[in-house]
Amino acid sequence: MFRQGGTFLGALALAGCSGDLSALDPAGPAARDIARLWWAMLAGSALLFLLVMGLFALVMLRPEAGRRWSPRAWIVGGGILMPVPVLFVLLLFAFGQGERHLPWRGEHNPVRIEARAHMWFWEFHYLDYPDVEPTVDVLHIPANYDVDVIATSDNVIHGFWVPRLGGKVDATPGHETLVRLYADRAGSFGGICAEYCGTGHAGMTFRVEAHTPAAFRAALGLGEEETE
Amino acid sequence: MMRKPGEGTVLLLLVAGFTLWGLAFVQLYTFQAIGCRLGWDGIGLASAFTLQRAVLVLSFIAWLAAHLALWHWLRGRRSAGEPKGDTLHRAAADLAVAAFGAAVFCFFAVFWLSPCL
Amino acid sequence: MNGERNETALALHRKLSEIWGTPPGLGRLSAVNHTAIGLRFIVTSGIFFAIGGLLAMLIRAQLATSASPFMDEGLYSQVFTMHGTIMMFLFAIPLIEGFAIYLLPKLLGARDLAFPRLTAFGYWCYLFGGLMLLGALAAGVAPDAGWFMYTPLSSSVHSPGINSDVWLLGVTFVEISAVCAAVEITVSILKLRAPGMSLARMPIFAWYMLVVAGMMLFAFPPLILGSILLEVERAFGLPFFDPERGGDPLLWQHLFWLFGHPEVYIIFLPAAGVLSTLIPVFAGRPLIGYGAVVAAIIAMAFLSFGLWVHHMYMVGISHLAMAFFSAASALVAVPTAIQIFSWLATLTYGRPRFSVPMLYVFGFFFVFVIGGLTGVMLAMMPFDKQAHDTHFVVAHLHYVLIGGFVFPMLAAAYYWMPHMTGRFPVQHLSRAAFWLIFIGFNVTFLVMHLTGLLGMPRRVHTYAAEAGWDTLNLVSSIGGFVMTFGFALVLLDFVLQYRYGRAFPRNPWKAATLEWAMPLPPPVYNFASLPSIDRRADRIAPRETGAHLAAGRGYLGFVRNGQMETLGVSITSGRLEQLIVLPNNSFLPLWTALATASFFIAMLAKLYWAVPIAMLLVLFFFLGWTRVTGSRADCGALSVGEDEDAVPHAECSGAPSWWAMVFTLASNATLYASLLFGGLFLWTSAPGWPAQEPPGMSLAFSALTAGMIAAGGALGAAAARRAGRAPRTFLLASAAAHLTATLLLGWMALNGVPDRTGHALSAVCFAILCYAGFHTALAAVFALYGVWRDATGFISQRRDLDLRIGRLWHLYTAVAGVLGVAFIHLLIAMGSAGGAS
Ligand code: HEM
Ligand SMILES: [Cu+2]
Ligand SMILES: [Cu+2]
């Protein structure tokens, strides 16, 4: 027990939570929300786990101590009254968060980019800039701006995932699925295919480059934004 | 009506509550999908309240009423003839209540979340 | 006095053993006895567990570091697909079937299950299906699209080899055994109990298995349907899942997970049933909250059907729809908690003692609670959007499956091993083995949660060193090998116990259930005479009861005409109702399973001309099963001992086989409903609708067909009411109507839907017509079978069972057929370019 806890902590210290693909190292609001949700759920789960194991130890070692509560109190209290409120609050929280992450139309329109999955690479089409050549395995986005990625495929199912910016979404042939990305700052973030798609699956990585507005236009080979 | 209960009646009573819950689930999920397909979400009734949401909310309330009615019936049935301490009949009534709770828990989001996005 | 009693006991034992025993040598292949077959299931699934475990070790060796992958990506995909497939379909499900088959009659006070030959048939299907998969693994053409076989990856375009066919056909073959077991277990629990054992007095394990068997009846059909449709798409080009031709890959996902999630509870609930059985024994008192537990597992069974979409949060379903499933997924924790707290209450109100099975119960609590908590996390949509398809999920599912299934089943193995072998373990190895497994497991999988959150997807055969996952993976691999070592010790422990364990008297654990009221290892007939039960069946005194029964003082403490007899009761009250005469050993199950195997092999080898021959062969053998059932004379009530009489089952309205047909049809109806819903689903979701070339069906022709189906059904059903009064005219007319209907349906299928390989709308209509045609054809067989039985004297006014079973089929066929024809017209109207869109 002890040893195993030690190894775990050691590994934790070594690996840390950072990483190019780490969901625990968020660089955008959606990923940050979810990371927070995770830490909160982890803390709550740790408490509940200790509670149940503590009760197990109690009833095994000092059974008479548990007879303070009636059998009915054990079952109704532990089986219903304890979990239902916890689950309900958690659910409200998660629903709220999910609703917030939906690709709503805000005051300004998000940048729209289509991610076409192939076997086994990604091709990004910049829908707002029809003249821009699609890029392969590199996705340019403006930082500090909403970006809607529309994932699709004309072969098998793939998964579009940039862990540091937000949740993943499947690229299913015949369907277009939407995910909203937002990068807090300019930078380069790892992306990876998350749905098993055949022998090339492990190698189906890509990069997301988030730029300042000017750099974004430059990266796409567009001129200065004309001011009206 | 049922003077001599059929062979497996108590089994039917045991699953009655959650069968209702299952029907509610199927109906709400199906109507959600069909509504989005037929564009009910675009038909506003009052400000943000769309036809889609109206259909779902009304169905939800109807199902809750059905659950309560079932529970009432099961309770009446128990006190009418069945022996008081009968474990299974009590479990059937408890399950009807649980199914009501499950319906509230699972479907309350019809009031709130976005139905077609 | 005592000596005399022993002598009668011995004489009775000899006579019963002779009748119920299995012949030696090759004759063993004809065994139908539930103890023998149950053990075969258990041992075979153990072997598959070892193979699946070896594959897991290959996976862990491959992933140990980023540097040295020793398998290429193609081999690796076969290995992880086969690991998952073997563990789920060839290990977990068959193991619970094995335990249920072995234990249930002993717990319920019966001499065997309701349909011994079906038990044997199920075993052969399992074995042959499993061997098909293993053969493919050995030949290097094993399935490689992951254990949930997502299409289009598994379609003929992207998986042209036979790998996917092996999965679809092999798993379906194994599934046949699961559905057979489900029907058999349901009926046996409901009907084959000791007199006096009402439902409310059943041992709790029987409740668990009743619920599980019920779930299996409804959960497997969607997968069977999905597999059939996908195989038909691969083999004949009907586009159910192809988005370019009006199909939808998401349909497969819905069908798969509609099975796949309940499957997890089908695996967990029997294990929980084991816990509800063992914990009271080691607490030294009956289970607290029996009623609450029964209610909880029923609730769980239903809830588990309402959360499959939590595997599909990524596919673009609307937030509200996902919320239904998310809430149900969270809610399923509640019935689980009710059970956990019932167990805690039982322990606290008892005098808990520690022993090896309890050690595994501790392991269960520790591991399963963590798995349950991560399950609730994954049910939350935002979190799942990050964790889905990463190693976090791999960690979660192993916490649930190993904690919630393997640990309880090891507890069960240590607990019932003495029952199976008649020997008591040599304790020393057991504890060391437990700790190795427990520590190894947690080292492997606890860190894996983090690996997943750091971004490592599942099903990758290699990863970049820069990703920073090396250390964690190495730790996991080391843990995995420690755990394997633990499992090897368990195996050694079992072998030692079997060889050198000390013999011991009855009831080593001081349990209070019926399976201990027999000599050990158990005699083939279980009980020399059957008990009558006057209290909840977990409060029995096995020692006294056992002696009483062995002396032949209960029901049926004699042999009559060399028949294998046991008792049937009414479902709820457990009142004595019928005398059930069981069929003896037979090679027919083996032959029938071989014929079934020839069907699957013909499909696999693409020898499509041989497929109908194989089907006829299967039908032929199944008809052969009926040669020893029924009787040619009315005999009325017979004495069954204890001063009571009962009618033989052939003369009883609630005969087991009648109920079996009811449950089979319920399962069948689920398959059909999945098909119809599949059609509606494509209409709402698939791209490429409305169809450009919809089937053109004449309303008049359809009406004629529907009328013919209805007539055949009505005539066949009416015949049952005329048993003993020349039912033959009705039956012959019914057969003629059904055959005509079959021809009409066949004509519609061949000519009415010309575009069946061009668009899913036509393909679905075609599938519905085939389904209806298959049923009318079989209905004709039922009618003709009735004629044959009537002609050979098996039918009388009292012995109308055959006709009443047929009646169920006729009625079902009529309803399903008419509904199908109507549905087709509706779907065409909605889904064609001219109709509403
Ligand atoms: C004996 C110890 C076990 C170890 C070390 C182990 C290890 C693993 C690993 C590492 C994977 C992930 C493979 C990948 O994504 O590349 C995996 C997948 C899986 N395992 Fe296990 N496993 C074990 C036992 C079990 C058991 C007992 C079950 C079920 C009863 C099981 C069911 C599964 C399933 C369903 C998958 C998913 C396969 C897929 O992705 O298609 N495993 N296992
Ligand atoms: Cu991919
Ligand atoms: Cu699930």
Side-chain angles (χ1 to χ4, degrees), chain A residues 4 7-8 11-12 14-15 19 21-24 33-34 37-38 41 45 48-49 52-53 55-56 59-60 63 66-67 71 74-75 78-80 83-84 87 90-91 94-95 97-99 101-102 155-157 159 163 167-170 172-175 177 192 194-199 201-202, chain C residues 73-74 77 146 150 152-153 158 243 248-250 288-289 292 314-316 319 323 327 330 333-334 337-338 341-342 344-345 347-352 365-366 369-370 373 377 380-383 385-386 388-389 439 442-443 446-447 450 453-455 457 459-462 467-468 471-472 475 687:
Chain A
Q4 158 200 336
T7 341
F8 181 56
L12 197 81
L14 268 181
L21 290 167
S22 171
L24 302 180
D33 275 2
I34 299 176
L37 176 63
W38 150 253
M41 291 194 300
S45 300
L48 288 174
F49 173 72
V52 175
M53 289 317 288
L55 288 175
F56 184 73
V59 301
M60 286 306 289
R67 291 180 208 149
W74 273 93
I75 296 175
I80 300 175
V84 170
L87 292 170
L90 180 61
L91 208 60
F95 284 179
Q97 201 172 81
E99 201 66 6
H101 295 169
L102 288 179
N155 43 86
V156 302
I157 303 173
K168 60 176 79 67
V169 75
D170 279 359
T172 312
H175 291 269
T177 37
I192 194 161
E195 185 65 65
Y196 182 67
C197 56
T199 47
H201 172 58
Chain C
E73 55 278 12
S77 56
Y150 274 7
L153 184 59
H158 297 288
D248 193 341
L250 295 185
I288 284 182
M314 258 48 63
V315 307
H319 196 215
V334 173
I338 289 180
F341 279 87
S342 296
L344 289 175
L347 287 170
T348 211
Y349 277 88
R351 285 216 181 101
F365 266 90
F366 189 99
V369 169
I370 294 181
L373 289 166
M377 296 180 187
M380 299 303 127
M381 294 170 279
F383 179 66
K385 294 216 161 185
Q386 289 285 30
H388 173 79
D389 264 342
I439 294 173
N442 283 293
V443 171
L446 198 59
V447 294
L450 184 59
L453 290 176
L454 293 184
R459 300 173 170 179
V460 292
H461 71 290
T462 181
T471 319
L472 294 172
V475 172

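For clarity, every value in this text was computed on a predicted model and none was experimentally measured. Within every chain, numbering begins at 1; the chains are lettered A, B, ... in the order of the sequence lines, protein sequences first and strands thereafter.
Atom CG of C/L153 is separated from atom CG of A/N155 by 9.5 Å, given to the nearest 0.5 angstrom. To the nearest 0.5 Å, atoms CD (C/Q386) and CG (A/D33) are separated by 11.0 Å. Here NZ of C/K385 is found 11.5 Å from CD of A/Q97. Values are rounded to the nearest 0.5 Å. From A/L37, atom CG reaches atom CE of C/M380 across 8.0 Å, with rounding to the nearest 0.5 Å. Atoms NE2 and CG, from A/H175 and C/D248 in turn, are 3.0 Å apart once rounded to the nearest 0.5 Å. For the atom pair C/T348 OG1 and A/W74 CH2, the distance stands at 5.0 Å (nearest 0.5 Å).
In this structure the side chain of A/I75 reaches within 4.5 angstrom of the side chain of C/I288, judged on heavy atoms.
Under a 3.5 Å cut-off, the side chain of A/T199 and the backbone N or O of C/G74 do not form any donor-acceptor pair. The main-chain N or O of C/H388 is found under 3.5 Å from a side-chain atom of A/K168 such that the two form a donor-acceptor pair. Panel note: side chain A/R67, backbone C/G350; a donor-acceptor pair is recorded below 3.5 Å.
In this structure, the portions of A/L24 lying under 4.5 Å from any heavy atom of chain C include both its backbone and its side chain. Both the backbone and the side chain of C/A327 come within contact range of chain A, each with at least one heavy atom under 4.5 Å from a heavy atom of that chain. For a residue to count as touching a neighbouring chain, one of its non-hydrogen atoms must lie under 4.5 Å from one of that chain's; by this rule C/H461 touches chain A with backbone and side chain alike. Heavy atoms of A/M60 lying under 4.5 Å from chain C belong to its backbone as well as its side chain. Residue C/Y150 touches chain A through its side chain alone, counting heavy-atom pairs closer than 4.5 Å.
Interface remark: of the candidates C/A467, C/A323, C/G289, C/S77, C/A323 forms the most heavy-atom pairs closer than 4.5 Å to chain A. Heavy-atom pairs under 4.5 Å with chain C were tallied for A/A194, A/P83, A/G19; the largest tally goes to A/A194. Note: C/H319 leads C/H319, C/R459, C/E73, C/M381 in heavy-atom pairs under 4.5 Å with chain A. Comparing C/A337, C/A333, C/G316, C/P352 by heavy-atom pairs within less than 4.5 Å of chain A, the highest count is held by C/P352. For the options C/L453, C/V460, C/T462, C/V369, heavy-atom pairs under 4.5 Å to chain A are most numerous at C/L453. Contact count against chain C (heavy-atom pairs under 4.5 Å) is highest for A/L91 among A/V52, A/T177, A/L91.
When every heavy atom of C/L454 is checked against every heavy atom of A/S22, the shortest pair comes out as CD2-OG, 3.3 Å. Considering all non-hydrogen atoms of both residues, C/Y349 and A/P71 come closest at OH-CD, 3.5 Å.
Remark: A/P173 engages A/S153, A/I157, C/P152, C/P243, C/P249 in a side chain to side chain contact (heavy atoms under 4.5 Å, CB included) (not counting sequence neighbours). Evaluation of the side chain to side chain contact (heavy atoms under 4.5 Å, CB included) rule for A/I80 yields A/V84, C/V334, C/I338 as partners, not counting sequence neighbours.
Here the two rings, on A/F56 and C/F366, have centers that are 6.0 Å apart or farther.
Sparse packing is recorded around CZ of C/R351, with 12 or fewer heavy atoms of other residues, nucleotides or ligands lying under 6.0 Å away.
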